[in-house]
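When reading the values below, keep in mind they use all heavy atoms of this one structure, side chains included, and skip hydrogens, waters and symmetry mates. Keep in mind that this is a model prediction, so the values were computed, not measured.
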Amino acid sequence: MSDADWPWPDAPEPLPSPVVDNHCHLDHRIKGGLLIDVADALDRAAAVNVDRIVQVGCDLEGSRWAVETARQHEAIVAAVALHPNEAPLLEEAGTLDAALAEIEALAQDPAVRAVGETGLDYFRTGVDGRAAQHRSFRAHIDVARRHDRTLVIHDRDAHDDVLAILDDQGVPERTVMHCFSGDADVARRCLDRGAYLSFSGTVTFKNAEPLREALAVTPTDRILVETDAPFLTPTPHRGRPNASFLVPHTVRFMAEFLGRSVDDLCRAIDENTDRAFGGSWPRHTPAV
(Lines give C-alpha, C1' and ligand atoms only; values in the text may rest on other atoms or scores of the structure.)
Protein backbone atom coordinates (compact mmCIF):
# COMPACT_ATOMS: atom_id res chain seq x y z
CA MET A 1 0.00 0.00 0.00
CA SER A 2 1.39 3.40 -0.94
CA ASP A 3 1.19 6.50 1.25
CA ALA A 4 -1.37 8.03 -1.11
CA ASP A 5 -3.67 5.03 -0.64
CA TRP A 6 -3.60 5.08 3.17
CA PRO A 7 -7.20 5.40 4.45
CA TRP A 8 -6.86 8.46 6.68
CA PRO A 9 -9.98 9.72 8.47
CA ASP A 10 -11.50 12.97 7.30
CA ALA A 11 -9.93 16.04 8.83
CA PRO A 12 -11.78 17.48 11.83
CA GLU A 13 -12.91 21.09 12.04
CA PRO A 14 -9.88 23.37 12.49
CA LEU A 15 -9.10 24.57 15.98
CA PRO A 16 -9.73 28.27 16.63
CA SER A 17 -6.11 28.85 17.68
CA PRO A 18 -2.91 26.91 16.92
CA VAL A 19 -1.49 24.14 19.11
CA VAL A 20 1.61 21.93 18.96
CA ASP A 21 1.69 18.15 18.67
CA ASN A 22 4.52 17.74 21.17
CA HIS A 23 5.13 14.03 20.59
CA CYS A 24 4.98 12.40 17.17
CA HIS A 25 6.73 9.55 15.34
CA LEU A 26 6.70 10.56 11.69
CA ASP A 27 9.37 7.98 10.93
CA HIS A 28 6.96 5.08 11.44
CA ARG A 29 6.86 2.98 8.29
CA ILE A 30 4.66 0.61 6.35
CA LYS A 31 5.61 -1.54 3.39
CA GLY A 32 6.65 0.86 0.67
CA GLY A 33 7.77 3.80 2.80
CA LEU A 34 6.71 6.26 5.44
CA LEU A 35 3.22 5.97 6.87
CA ILE A 36 2.75 9.63 5.97
CA ASP A 37 5.07 11.89 4.04
CA VAL A 38 6.50 14.64 6.25
CA ALA A 39 5.36 17.49 4.01
CA ASP A 40 1.88 15.96 3.80
CA ALA A 41 1.77 15.49 7.57
CA LEU A 42 2.70 19.14 8.13
CA ASP A 43 0.16 20.40 5.57
CA ARG A 44 -2.70 18.28 6.93
CA ALA A 45 -1.93 19.31 10.49
CA ALA A 46 -1.50 23.02 9.80
CA ALA A 47 -4.81 23.03 7.90
CA VAL A 48 -6.54 22.29 11.22
CA ASN A 49 -4.29 24.67 13.21
CA VAL A 50 -1.78 22.11 14.49
CA ASP A 51 1.14 24.00 13.01
CA ARG A 52 4.21 22.67 14.86
CA ILE A 53 5.47 19.19 15.74
CA VAL A 54 8.06 17.63 18.03
CA GLN A 55 9.50 14.59 16.24
CA VAL A 56 10.65 12.02 18.80
CA GLY A 57 13.38 9.44 18.40
CA CYS A 58 13.26 6.04 20.14
CA ASP A 59 16.57 4.54 18.99
CA LEU A 60 19.72 5.66 17.23
CA GLU A 61 18.26 5.41 13.74
CA GLY A 62 15.10 7.26 14.75
CA SER A 63 17.02 9.92 16.64
CA ARG A 64 19.28 10.57 13.66
CA TRP A 65 16.20 10.78 11.44
CA ALA A 66 14.53 13.22 13.86
CA VAL A 67 17.52 15.55 13.72
CA GLU A 68 17.75 15.46 9.93
CA THR A 69 14.01 16.03 9.55
CA ALA A 70 14.04 18.96 11.97
CA ARG A 71 16.91 20.51 10.02
CA GLN A 72 14.84 20.30 6.83
CA HIS A 73 11.51 21.54 8.23
CA GLU A 74 11.52 24.60 10.47
CA ALA A 75 8.13 23.75 12.02
CA ILE A 76 9.60 20.52 13.42
CA VAL A 77 12.01 20.24 16.34
CA ALA A 78 13.65 17.01 17.43
CA ALA A 79 13.84 14.90 20.56
CA VAL A 80 16.51 12.20 20.73
CA ALA A 81 16.82 9.18 23.01
CA LEU A 82 16.91 5.45 23.47
CA HIS A 83 13.46 4.15 24.40
CA PRO A 84 13.53 2.28 27.72
CA ASN A 85 12.73 -0.98 25.95
CA GLU A 86 15.84 -0.49 23.79
CA ALA A 87 18.17 -0.27 26.78
CA PRO A 88 18.18 -3.97 27.81
CA LEU A 89 18.74 -5.06 24.20
CA LEU A 90 21.70 -2.70 23.82
CA GLU A 91 23.09 -3.72 27.19
CA GLU A 92 22.94 -7.37 26.22
CA ALA A 93 24.72 -6.58 22.97
CA GLY A 94 27.40 -4.61 24.83
CA THR A 95 26.60 -1.39 22.93
CA LEU A 96 24.57 0.65 25.43
CA ASP A 97 27.43 2.97 26.40
CA ALA A 98 28.28 3.71 22.77
CA ALA A 99 24.63 4.37 21.97
CA LEU A 100 24.27 6.73 24.94
CA ALA A 101 27.38 8.60 23.78
CA GLU A 102 25.85 9.11 20.34
CA ILE A 103 22.58 10.33 21.88
CA GLU A 104 24.54 12.91 23.84
CA ALA A 105 26.28 14.06 20.67
CA LEU A 106 22.96 14.34 18.82
CA ALA A 107 21.39 16.21 21.73
CA GLN A 108 23.79 19.09 21.17
CA ASP A 109 22.48 19.79 17.66
CA PRO A 110 20.57 23.12 17.45
CA ALA A 111 17.59 21.28 15.92
CA VAL A 112 17.15 19.28 19.14
CA ARG A 113 14.95 20.66 21.91
CA ALA A 114 14.55 17.54 24.05
CA VAL A 115 16.07 14.31 25.31
CA GLY A 116 13.41 11.65 25.06
CA GLU A 117 11.56 9.55 25.02
CA THR A 118 13.42 7.98 27.90
CA GLY A 119 12.24 6.54 31.20
CA LEU A 120 11.00 3.17 32.40
CA ASP A 121 8.64 0.60 30.91
CA TYR A 122 7.75 -2.35 33.13
CA PHE A 123 4.97 -3.48 30.79
CA ARG A 124 7.13 -4.78 27.93
CA THR A 125 10.42 -5.34 29.75
CA GLY A 126 10.67 -7.84 32.58
CA VAL A 127 12.54 -7.65 35.86
CA ASP A 128 15.79 -8.81 34.23
CA GLY A 129 15.86 -5.70 32.04
CA ARG A 130 15.18 -3.12 34.71
CA ALA A 131 18.77 -2.44 35.72
CA ALA A 132 19.62 -1.50 32.12
CA GLN A 133 16.55 0.71 31.92
CA HIS A 134 17.52 2.48 35.15
CA ARG A 135 21.06 3.06 33.94
CA SER A 136 19.90 4.40 30.60
CA PHE A 137 17.29 6.67 32.22
CA ARG A 138 19.87 8.14 34.60
CA ALA A 139 22.23 8.82 31.70
CA HIS A 140 19.50 10.59 29.71
CA ILE A 141 18.58 12.75 32.70
CA ASP A 142 22.22 13.74 33.01
CA VAL A 143 22.40 14.66 29.31
CA ALA A 144 19.24 16.78 29.57
CA ARG A 145 20.57 18.62 32.61
CA ARG A 146 24.06 19.27 31.24
CA HIS A 147 22.89 20.45 27.80
CA ASP A 148 19.76 22.33 28.90
CA ARG A 149 17.34 20.11 27.01
CA THR A 150 13.79 19.23 27.98
CA LEU A 151 13.46 15.73 29.42
CA VAL A 152 10.61 13.73 27.83
CA ILE A 153 9.65 10.78 30.03
CA HIS A 154 8.04 7.50 29.02
CA ASP A 155 6.48 5.96 32.13
CA ARG A 156 4.57 2.72 31.79
CA ASP A 157 3.65 0.84 34.94
CA ALA A 158 6.69 2.35 36.70
CA HIS A 159 5.47 5.55 38.39
CA ASP A 160 7.24 5.11 41.73
CA ASP A 161 10.61 4.20 40.25
CA VAL A 162 10.47 6.97 37.63
CA LEU A 163 9.92 9.58 40.33
CA ALA A 164 12.50 8.05 42.67
CA ILE A 165 15.19 8.15 39.96
CA LEU A 166 14.24 11.70 39.04
CA ASP A 167 14.58 12.77 42.66
CA ASP A 168 17.90 11.00 43.04
CA GLN A 169 19.38 12.22 39.77
CA GLY A 170 17.97 15.74 39.92
CA VAL A 171 14.93 16.97 38.01
CA PRO A 172 15.86 18.97 34.88
CA GLU A 173 14.56 22.51 34.53
CA ARG A 174 11.96 21.35 31.97
CA THR A 175 10.32 17.92 32.18
CA VAL A 176 7.40 16.50 30.18
CA MET A 177 5.48 13.39 31.19
CA HIS A 178 4.78 12.00 27.73
CA CYS A 179 1.39 10.34 27.20
CA PHE A 180 0.60 10.76 30.87
CA SER A 181 -0.87 7.50 32.14
CA GLY A 182 -1.26 7.95 35.88
CA ASP A 183 -4.18 8.86 38.10
CA ALA A 184 -4.78 12.08 40.03
CA ASP A 185 -2.33 11.11 42.78
CA VAL A 186 0.48 10.42 40.30
CA ALA A 187 -0.38 13.68 38.52
CA ARG A 188 0.05 15.64 41.73
CA ARG A 189 3.39 13.97 42.42
CA CYS A 190 4.65 14.84 38.93
CA LEU A 191 3.34 18.40 39.19
CA ASP A 192 5.10 18.80 42.53
CA ARG A 193 8.34 18.17 40.64
CA GLY A 194 7.55 20.88 38.10
CA ALA A 195 6.56 18.57 35.25
CA TYR A 196 4.23 19.30 32.38
CA LEU A 197 1.62 16.59 31.75
CA SER A 198 1.03 15.69 28.12
CA PHE A 199 -2.32 14.12 27.28
CA SER A 200 -2.85 11.97 24.20
CA GLY A 201 -5.90 10.41 22.56
CA THR A 202 -6.13 7.98 25.47
CA VAL A 203 -7.90 10.66 27.51
CA THR A 204 -10.88 10.25 25.16
CA PHE A 205 -11.20 6.48 25.72
CA LYS A 206 -14.22 5.22 27.64
CA ASN A 207 -12.14 3.31 30.18
CA ALA A 208 -9.84 6.24 30.98
CA GLU A 209 -11.65 7.74 33.96
CA PRO A 210 -8.51 7.79 36.19
CA LEU A 211 -6.71 9.69 33.45
CA ARG A 212 -9.51 12.24 33.23
CA GLU A 213 -9.31 12.63 37.00
CA ALA A 214 -5.62 13.43 36.52
CA LEU A 215 -6.51 16.02 33.89
CA ALA A 216 -8.99 17.60 36.30
CA VAL A 217 -6.27 18.29 38.89
CA THR A 218 -3.69 19.56 36.38
CA PRO A 219 -3.32 23.36 36.33
CA THR A 220 -4.04 24.90 32.95
CA ASP A 221 -0.46 26.12 32.66
CA ARG A 222 0.90 22.56 32.83
CA ILE A 223 -1.30 20.89 30.17
CA LEU A 224 0.15 19.75 26.85
CA VAL A 225 -1.36 17.71 24.02
CA GLU A 226 0.17 15.06 21.77
CA THR A 227 -0.67 12.27 19.38
CA ASP A 228 2.12 9.72 19.92
CA ALA A 229 1.23 9.13 16.26
CA PRO A 230 0.73 6.75 14.62
CA PHE A 231 -0.54 5.26 17.89
CA LEU A 232 -3.29 6.12 20.43
CA THR A 233 -5.75 7.58 17.94
CA PRO A 234 -8.49 9.55 19.72
CA THR A 235 -12.18 8.77 19.65
CA PRO A 236 -14.00 8.65 17.21
CA HIS A 237 -11.20 7.08 15.15
CA ARG A 238 -9.70 4.74 17.74
CA GLY A 239 -8.15 1.71 16.03
CA ARG A 240 -7.06 3.62 12.94
CA PRO A 241 -3.61 5.17 12.39
CA ASN A 242 -3.04 8.46 14.15
CA ALA A 243 -1.52 11.67 12.78
CA SER A 244 -1.08 15.24 13.98
CA PHE A 245 -4.13 16.49 12.08
CA LEU A 246 -6.34 14.49 14.48
CA VAL A 247 -5.21 16.50 17.55
CA PRO A 248 -8.38 18.66 17.43
CA HIS A 249 -10.45 15.67 18.60
CA THR A 250 -8.37 15.40 21.75
CA VAL A 251 -8.30 19.14 22.43
CA ARG A 252 -12.05 19.53 22.04
CA PHE A 253 -12.69 16.56 24.33
CA MET A 254 -10.37 18.04 26.97
CA ALA A 255 -11.96 21.48 26.72
CA GLU A 256 -15.46 20.06 27.14
CA PHE A 257 -14.39 17.91 30.09
CA LEU A 258 -12.72 20.86 31.79
CA GLY A 259 -15.57 23.26 31.05
CA ARG A 260 -13.20 25.57 29.16
CA SER A 261 -13.56 27.24 25.80
CA VAL A 262 -11.64 25.49 23.06
CA ASP A 263 -9.91 28.73 22.13
CA ASP A 264 -8.71 29.37 25.69
CA LEU A 265 -7.36 25.83 26.02
CA CYS A 266 -5.60 26.05 22.64
CA ARG A 267 -3.88 29.27 23.63
CA ALA A 268 -2.80 27.79 26.95
CA ILE A 269 -1.45 24.61 25.34
CA ASP A 270 0.50 26.62 22.76
CA GLU A 271 2.08 28.85 25.40
CA ASN A 272 2.79 25.88 27.67
CA THR A 273 4.54 24.02 24.86
CA ASP A 274 6.85 26.94 24.17
CA ARG A 275 7.83 27.05 27.84
CA ALA A 276 8.15 23.27 28.08
CA PHE A 277 10.47 23.05 25.08
CA GLY A 278 12.66 26.06 25.70
CA GLY A 279 11.01 28.68 23.51
CA SER A 280 9.01 29.09 20.35
CA TRP A 281 9.90 27.97 16.83
CA PRO A 282 8.42 28.75 13.39
CA ARG A 283 4.90 27.66 12.43
CA HIS A 284 4.02 25.78 9.28
CA THR A 285 1.78 27.31 6.63
CA PRO A 286 -0.01 24.71 4.46
CA ALA A 287 0.92 24.52 0.80
CA VAL A 288 -1.68 26.13 -1.43
Side-chain angles (χ1 to χ4, degrees), residues 19-24 54 56-58 77-81 83-84 107 112-123 133-134 136-203 208 210-228 232 250-251 254 257-258 265 268-280:
V19 299
V20 184
D21 177 2
N22 85 89
H23 196 109
C24 187
V54 181
V56 179
C58 289
V77 296
V80 298
H83 191 283
V112 174
R113 293 293 186 97
V115 172
E117 58 186 282
T118 181
L120 304 178
D121 188 321
Y122 292 171
F123 179 78
Q133 286 197 355
H134 289 199
S136 178
F137 185 28
R138 288 179 182 275
H140 282 83
I141 295 170
D142 184 57
V143 170
R145 285 169 55 86
R146 286 189 290 105
H147 298 291
D148 190 29
R149 297 296 188 251
T150 301
L151 183 71
V152 176
I153 296 178
H154 172 107
D155 169 16
R156 190 164 188 186
D157 296 348
H159 307 313
D160 290 343
D161 285 355
V162 163
L163 296 179
I165 290 174
L166 268 178
D167 289 344
D168 185 60
Q169 202 72 18
V171 182
E173 183 177 345
R174 300 179 304 280
T175 301
V176 173
M177 304 303 295
H178 144 61
C179 189
F180 183 76
S181 60
D183 57 16
D185 177 66
V186 175
R188 292 186 185 97
R189 294 164 66 194
C190 293
L191 293 165
D192 286 346
R193 290 160 173 83
Y196 293 85
L197 307 189
S198 181
F199 293 89
S200 70
T202 53
V203 76
L211 186 54
R212 288 188 282 276
E213 292 171 359
L215 175 61
V217 304
T218 304
T220 304
D221 65 356
R222 301 283 193 88
I223 295 173
L224 305 179
V225 71
E226 66 172 270
T227 55
D228 199 22
L232 307 181
T250 304
V251 174
M254 292 165 64
F257 174 78
L258 294 170
L265 185 59
I269 289 171
D270 205 55
E271 293 170 3
N272 296 346
T273 310
D274 284 348
R275 288 197 305 274
F277 287 88
S280 188

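Pairing each heavy atom of V115 with each of A107, the nearest pair is CG2-CB, 4.1 Å. The shortest non-hydrogen separation linking T150 to G278 is OG1-N, 4.4 Å. G182 approaches A214 most closely through the heavy-atom pair O-CB, 3.7 Å. In terms of heavy atoms, T118 sits closest to A81 at N-CB, 4.3 Å.
Judged by distance alone, the side chain of T227 and the main-chain N or O of H23 form a donor-acceptor pair under 3.5 Å. For the pair N272 (side chain) and T220 (backbone), a donor-acceptor distance under 3.5 Å is present. With hydrogens and angles ignored, the 3.5 Å screen pairs no side-chain donor or acceptor of R189 with any backbone N or O of D185. In this structure, R113 contributes its side chain and F277 its backbone to a donor-acceptor pair below 3.5 Å. Using modelled atom types, one side-chain atom of R222 and one backbone atom of L191 make a donor-acceptor pair closer than 3.5 Å.
The one candidate from D21, V225, V19 that meets the side-chain contact (heavy atoms from CB on, under 4.5 Å) condition with T250 is V225. I223 pairs with exactly one of V251, T218, T273 by the side-chain contact (heavy atoms from CB on, under 4.5 Å) rule, that one being T218.
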Derivation of the side chain to side chain contact (heavy atoms under 4.5 Å, CB included) call for L120 and H159: CA-CA 8 Å; L120 304 178; H159 307 313; over 6 Å; no
Test log, rule side chain to side chain contact (heavy atoms under 4.5 Å, CB included), inputs F137 and I153: CA-CA 9 Å; F137 185 28; I153 296 178; 4.1 Å; yes
Side chain to side chain contact (heavy atoms under 4.5 Å, CB included) evaluation trace for C179 with E226: CA-CA 7 Å; C179 189; E226 66 172 270; 3.9 Å; yes
Pair R149-V80, side chain to side chain contact (heavy atoms under 4.5 Å, CB included): steps then yes or no: CA-CA 10 Å; R149 297 296 188 251; V80 298; over 6 Å; no
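In this structure, R212 CZ and M254 CE are separated by 12.0 Å, a value rounded to the nearest 0.5 Å. Atom CG of N22 is separated from atom CG of D228 by 10.0 Å, given to the nearest 0.5 angstrom. Expressed to the nearest 0.5 Å, how far CD of Q169 lies from CD1 of I141 amounts to 5.5 Å. Note that the CG atom of D157 and the CG atom of D121 stand 7.5 Å from one another [nearest 0.5 Å]. Expressed to the nearest 0.5 Å, how far CG of L197 lies from OG1 of T175 amounts to 11.0 Å. Taken from CD in Q133 to OH in Y122, the straight-line distance is 7.0 Å, to the nearest 0.5 Å.
The shortest distance between side-chain heavy atoms of D221 and R275 falls below 4.5 Å. Residues L215 and F180 form no side-chain contact, since every pair of their non-hydrogen atoms from C-beta on lies 4.5 Å or further apart. The closest side-chain heavy-atom distance from V171 to R145 is not below 4.5 Å. Taking the side chain as every heavy atom from C-beta outward, D148 and P172 never approach each other to under 4.5 Å.
Judged by a 6.0 Å distance limit and a 45° cone about the ring axis, R156 is positioned over the six-membered ring of F123.
For CD of E213, the number of neighbouring non-hydrogen atoms (other residues, nucleotides, ligands) closer than 6.0 Å is greater than 12.
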